[in-house]
Amino acid sequence: MAGQSLPKISRRIATIVLTAALTALFVAGADQLDRRLTMAFKRQSVADLAHNALTRAEIATDYAVIRLGMLYENGHTDCSPDAMEAINYAVFRSGTIKDILTAQGENVCSVAMHSETLLENHRHPVDTVQARNSSIALNPVRLDNTPAMAVTWLFEEDVLATALVNTESLVFDLLPADLRETSAIRLSLSNGRTVGRFTGAEWQIGGETEMFEAASERYPLRVRIHVPTAVLSQVPMNRSAGTIIVVGALAGLLAFLVARGLIPAPNAASRIRAALRRGEIVPNFQPVYAVRTGELTGFEVLARWPGETGPMASPAFFVPLIEANGWSDDLLETVILQTAQTMRSVIDNVPAVSFAFNASPAQLVEPGFAAWLERVLNRAELDARRVIIEITEREEIRDVEKARSSIEALKAMGIDVAIDDAGTGHNGLASVQRLGASILKIDKLFVDGIVQDERAGALVQMLVDVARQFGMKTIAEGVEDEIQLNALKRLGVDEVQGFFLCTPLAPEPATLELARHQAILTRNRLQARPPEDKAMPLDHDAGAVAVNA
Ligand SMILES: Nc1nc2c(ncn2[C@@H]2O[C@H](COP(=O)(O)O[C@H]3[C@@H](O)[C@H](n4cnc5c(=O)[nH]c(N)nc54)O[C@@H]3COP(=O)(O)O)[C@@H](O)[C@H]2O)c(=O)[nH]1
């Protein structure tokens, strides 16, 4: 008896020792992992910041190019009184263009207080670099003793226009609080000449730093952010031992299960394929509201995978996988057919409400896309005039001409086309006009900073201005609070959507939200008894817009 219990006791002791050792290992491992993740997250945030700063510089340059192009198209490069008025207007409209010079043969003129700078630059341009479009060139100039940039478009042999762009303001104070004092950000041309910079008060030249860079494909522009290595490796020390042990234990359990083969490695692509076939990927609906009238004008249709858990449940993960496997048309078809089925009462009874579906640039340029979509809409019994197709600008639209003719075909069917994430992508604002879309969606990236950051407001203003010039409607997305909503109203955005107003909803709550919203609007109108033609403002406090978040 005593002989049998001895190995049992020693096995228990061995298990306890092993468990303790493993726990210690997990805790240390979890701690290391946490540190590494925190540092990786910090690095990614700074890399994103560099990309955002570059996007701002690209938009400001796009805007200058568009403005110069308009002057030329309207014959306003001849220094006539009409031309001077047009230049004045272009400078007045813009927060970032400080002056414009036009030159047509001997006729050289500009309008604002920086004429001298532009004239000198016109006579002796230095360090000029060409853009992807070789008629456009950028070069550094000084504006009130700070670095700035001249954008010149050579329209013809002796006809050109130059905009003086305040690029310094695009990067000034862009760094978040934890980096502002110690780090530096520089916007420069590809030849290394600085056109904007911000240096924290504690920034040390020669210190050990890490550099984060983003370079434009369209313009010879790049952003570099330098952060001291010590700042990047700082990790908050306030993690409780309990958290670490729990994380360690969970990691150990997971490792054990994976090691024992109890959790088979999932084949994500085949699961998505099956989910698409079985109709498990379903549409949700985020309302869009008109700023001026408060009306709910339509829904953005967003795919959801309700049965799925973990990261794969997010469309930000599964949509790119669907696209990479060439199943984008299946996704679009399934969300259209299910929308038609689940939102039938809205489709039949509220004709003014539209449905915006997402499609990729690759789908748009597929031969016969418009005809295919027409067939799907016929099957769905969904009137094309109720449909908006949103094309993201994040991915490059390689063949703008093909995309343009596809958009024309969609428009001929009565479908509106929206450029989603405008200003964030590869093609630039100028191509927005060439595409011939009728709606410009302003990305959350610009809405986010709109209140704290004057420049974000200036960028939204530029986007609204460009959209108006092109006869497009604007929709701002990702509105998360009332202050943002009010700022967007002031900037003249036409429509808004975002969690502050309403999150994406399943069909039934979306239908209820529409009915509830219409009832509130009607009640408000009856109570206020406005004159027939008076517009109802989007007034969150008055309950004209509901919060579902
Ligand atoms: N081709 C298709 N793409 C699709 C489809 N369904 C979704 N998507 C794309 O996936 C990306 C992620 O989408 P999602 O997680 O649904 O996020 C959307 C909104 O839920 C979110 N949103 C809306 N308001 C707010 C807000 O106030 N705050 C906040 N943090 N997020 C908000 O934004 C996403 C909408 O993005 P966009 O399309 O750019 O308007 C996304 O890129 C989808 O496009 C599909 O069926 N087909």
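Order of appearance sets the numbers: ligands from 1, and atoms from 1 within every ligand.
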Atoms of ligand 1, numbered as shown, that sit under 4.0 Å from any heavy atom of Glu480: 26 (C), 27 (O), 28 (N), 29 (C), 30 (N)
Intermediate values then yes/no, salt bridge (charged side-chain N to carboxylate O under 4.0 Å, His left out), Asp399 and Arg404: CA-CA 9 Å; Asp399 192 334; Arg404 183 192 167 86; over 6 Å; no
Closest non-hydrogen atom pair between His517 and Gly294, with its separation: NE2-O, 2.6 Å
Minimum side-chain heavy-atom gap Leu382-Ile347 below 4.5 Å: yes
Atom 42 (O) of ligand 1 protein-contacted, heavy-atom criterion under 4.0 angstrom: no
Whether Glu323 lies under 4.0 Å from ligand 1, heavy atom: yes
Region of Asp443 that comes within reach of ligand 1 [heavy atoms, distance under 4.0 Å]: neither
Nearest protein heavy atom with distance in Å, relative to atom 12 (C) of ligand 1: Ala316 N, 3.9 Å
Numbered atoms and elements of ligand 1 in range of Glu477, under 4.0 angstrom, heavy atoms: 37 (P), 39 (O), 40 (O)
The one among Thr339, Val496, Val319 that brings a heavy atom closest to atom 9 (C) of ligand 1: Val319
Protein contact of atom 19 (C) of ligand 1 - nearest heavy atom, named by residue and atom, plus distance: Leu302 CD1, 3.8 Å
Where ligand 1 meets Gly498 - atom numbers and elements under 4.0 angstrom, heavy-atom basis: 24 (N), 27 (O)
Glu58 side chain to Ser216 side chain, donor-acceptor N/O pair below 3.5 angstrom: yes
Nearest-contact summary for atom 2 (C) of ligand 1 - protein heavy atom, Å: Asn358 CB, 3.4 Å
Atom 34 (C) of ligand 1 within contact range, any protein heavy atom under 4.0 Å: no
Distance from atom 39 (O) of ligand 1 to nearest protein heavy atom, with residue and atom: Asp421 OD1, 3.0 Å
For the student: nearest non-hydrogen atoms of Pro315 and Arg304, plus distance: CG-NH1, 3.3 Å
Identity and separation of the nearest protein heavy atom to atom 46 (O) of ligand 1: Ala303 CB, 3.4 Å
Phe317 atom CZ, neighbour heavy-atom count above 12 within 6.0 Å: no
Check ion pair Arg218-Asp62 (N to O, under 4.0 angstrom): yes
Atoms of ligand 1 close to Glu300 [distance to a heavy atom under 4.0 angstrom, numbered from 1]: 37 (P), 38 (O), 40 (O)
Distance from atom 37 (P) of ligand 1 to nearest protein heavy atom, with residue and atom: Asp420 OD2, 3.4 Å
Selection from Arg304, Gln484, Lys444, Gln286 by shortest heavy-atom distance to atom 20 (O) of ligand 1: Arg304
salt_bridge(Glu477, Lys444) N-O dist < 4.0 Å: no
Any protein heavy atom nearer than 4.0 Å to atom 17 (O) of ligand 1: no
Shortest reach to atom 26 (C) of ligand 1 by a heavy atom, considering only Phe317, Phe499, Phe500: Phe499
Glu381 with Arg344: basic N within carboxylate O range, under 4.0 Å: no
Distance in Å, Phe446 CZ paired with Thr55 OG1, rounded so as to fall on 0.5 Å steps: 6.0 Å
Any Gln497 heavy atom less than 4.0 Å from ligand 1: no
Smallest separation among heavy atoms of Glu495 and Val288, with atom names: OE1-CG1, 3.4 Å
Nearest neighbour in protein (non-hydrogen) for atom 14 (P) of ligand 1: Pro315 CG, 3.6 Å
Whether Trp305 and Phe318 hold their rings parallel, tilted or perpendicular, with breakpoints at 30° and 60°: perpendicular
Contact with ligand 1 for Pro504, non-hydrogen, under 4.0 angstrom: yes
Which atom of Gly298 lies closest to which atom of Val353, heavy atoms considered: CA-CG1, 3.8 Å
